[in-house]
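Data block below; observations after.
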Amino acid sequence: MASASEETKPPVEAVMPETAPSSSEADDVPDDHFSKMTLDEKYALVRSIGEECIQEEELRNLLDKKKDPVAYDGFEPSGRMHIAQGVMKVINVNKLTKAGCIFKFWVADWFAQLNNKMGGDLKKIQTVGRYMIEIWKAVGMNMDRVQILWTSEEINARPDEYWPLVMDIARRNNLSRIKRCSQIMGRNDEDELTAAQIFYPCMQCADIFFLKADICQLGMDQRKVNVLAREYCNDIKRKMKPIILSHHMLPGLLKGQEKMSKSMADSAIFMEDEESEVKSKINKAWCPGLITDGNPLIEYTIYIVLPYFNEFVVERKEEHGGAKTYKTAEELKEDYTSGALHPGDLKVALIKAINRILEPVREHFKNNAEAKELLKKVKLQGFEIKVSKARFS
């Protein structure tokens, strides 16, 4: 497969925003703060990221014994960025770096090409990758301990290390086992896969070892390939296995959507949505009274707003209960299931909070000349105006 040419090769560092908000208490922390944290504090902070952790004792031991542990996530640049991929990722990265980790972002341009994103046009894929990095910076990602690595550059720089690893993983697994990992590409094992898509899970598994990652911090939808990496450790008699720290997957905004839909614009909030679009989507969203399980607006509040601001403020007239500030998910759920918090009041407060989070992103793409030009390219080149179903959501 051809690599990016010098003309199309993206820069490692994208444009820094003129201003960036604080996305969690991790942002304003001195570089040496993590060295002053206790092991219990580090573990609690990192563990809070994951809906699932394989294995918790291994994670605790890693944070205790290793200086600068490496966490990684990768993403296919494949279209507009939705709020889960944008804001949740910033929150998680800031927690990891606050706890002393190095975070490696694996910009999977070659993987997007393998998965036929953007029609397989590498130059377009890389432009979208740069646009996505701009968003993360604008919304408040602390970049001090973050490394941005492009697959097309890194693999070409060390092919003798990467490809033998991919081949060994492929040799030790049968086709059925590899096809079970197809969920990582937004496919299922019944789909008709191309030869490139069969190769994809072997490469993603190899990435973990190539990047020397101690922690795989990806979504629950990437669990199968991360387990494959741990199984590979058994095969090669390697004692230190990558720890899997899988974050929660947010549902779509509409009824019955277990995840955000690429084909339905109202199923997700995008990172550059205008205030009016955010208001319209939240007002249309499914939000059953008294029910928190599977309620998308409750989940947006718990997984985006609460960790971003460390609180969720509901403003109401006194006759409707008065203003209240929620500090925990438990508190919020209790009021909602009891009826003390009405769906209408939840929606009004959530619209305000989400727009506060997105405003610096809108301003960055309007006021920063280079970022503005980048967004213009993304739109002019006719990229998918759909939810980006990222390789590692």
ask   = For the ring pair Phe105 and Tyr72, is the centre-to-centre distance below 6.0 Å?
value =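 No, the ring centres sit 6.0 Å or more apart.
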
ask   = Are the aromatic ring centres of His248 and Tyr303 under 6.0 angstrom apart?
value = yes

So, [X] side chain and [Y] main chain: donor-acceptor pair closer than 3.5 Å or not?
X      : Y      : result
Asn368 : His364 : no
Glu315 : Ala323 : no
Thr337 : Lys333 : yes
Asn94  : Asn142 : yes

I'd like to know if [X] and [Y] make a salt bridge, using a cut-off of under 4.0 Å between side-chain N and carboxylate O.
X      : Y      : value
Asp266 : Lys284 : yes
Glu231 : Arg177 : yes
Glu41  : Arg47  : no
Glu58  : Lys241 : no
Asp273 : Arg80  : yes
Asp168 : Arg172 : yes

ask   = Taking side chain as C-beta onward, heavy atoms only, is Leu45 less than 4.5 Å from Met37?
value = yes

inquiry  = Which residues pass the side-chain hydrogen bond (donor to acceptor under 3.5 Å, both in side chains) test with Lys372, not counting sequence neighbours?
reply    =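 Testing Lys372 for side-chain hydrogen bond (donor to acceptor under 3.5 Å, both in side chains), a comparison that skips the adjacent residues, returns none.
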
query = Parallel under 30°, tilted from 30 to 60°, perpendicular over 60°: which one fits the rings of Phe199 and Trp163?
reply =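 Taking Trp163 first and then Phe199, their aromatic rings lie parallel (interplane angle under 30°).
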
request  = May I ask whether Ile351 and Ile357 are part of the same hydrophobic cluster, defined by side-chain heavy atoms of I, L, V, M, F, W, Y residues being less than 4.5 angstrom apart, directly or through others?
outcome  =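 Same cluster: Ile351 reaches Ile357 through Ile, Leu, Val, Met, Phe, Trp or Tyr contacts under 4.5 Å.
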
key: Aromatic Phe103 / basic Arg145 pairing, under 6.0 angstrom, 45° off normal   = no

Phe210 six-ring face occupied by Arg158 cation (under 6.0 Å, within 45°) =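 Yes, cation above the ring, under 6.0 Å and within 45°.
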
request  = Let me see the working for Arg362 and Glu359 under salt bridge (Lys or Arg N to Asp or Glu O under 4.0 Å), right down to the final yes or no.
outcome  = CA-CA 5 Å; Arg362 299 180 192 123; Glu359 188 56 29; 2.8 Å; yes

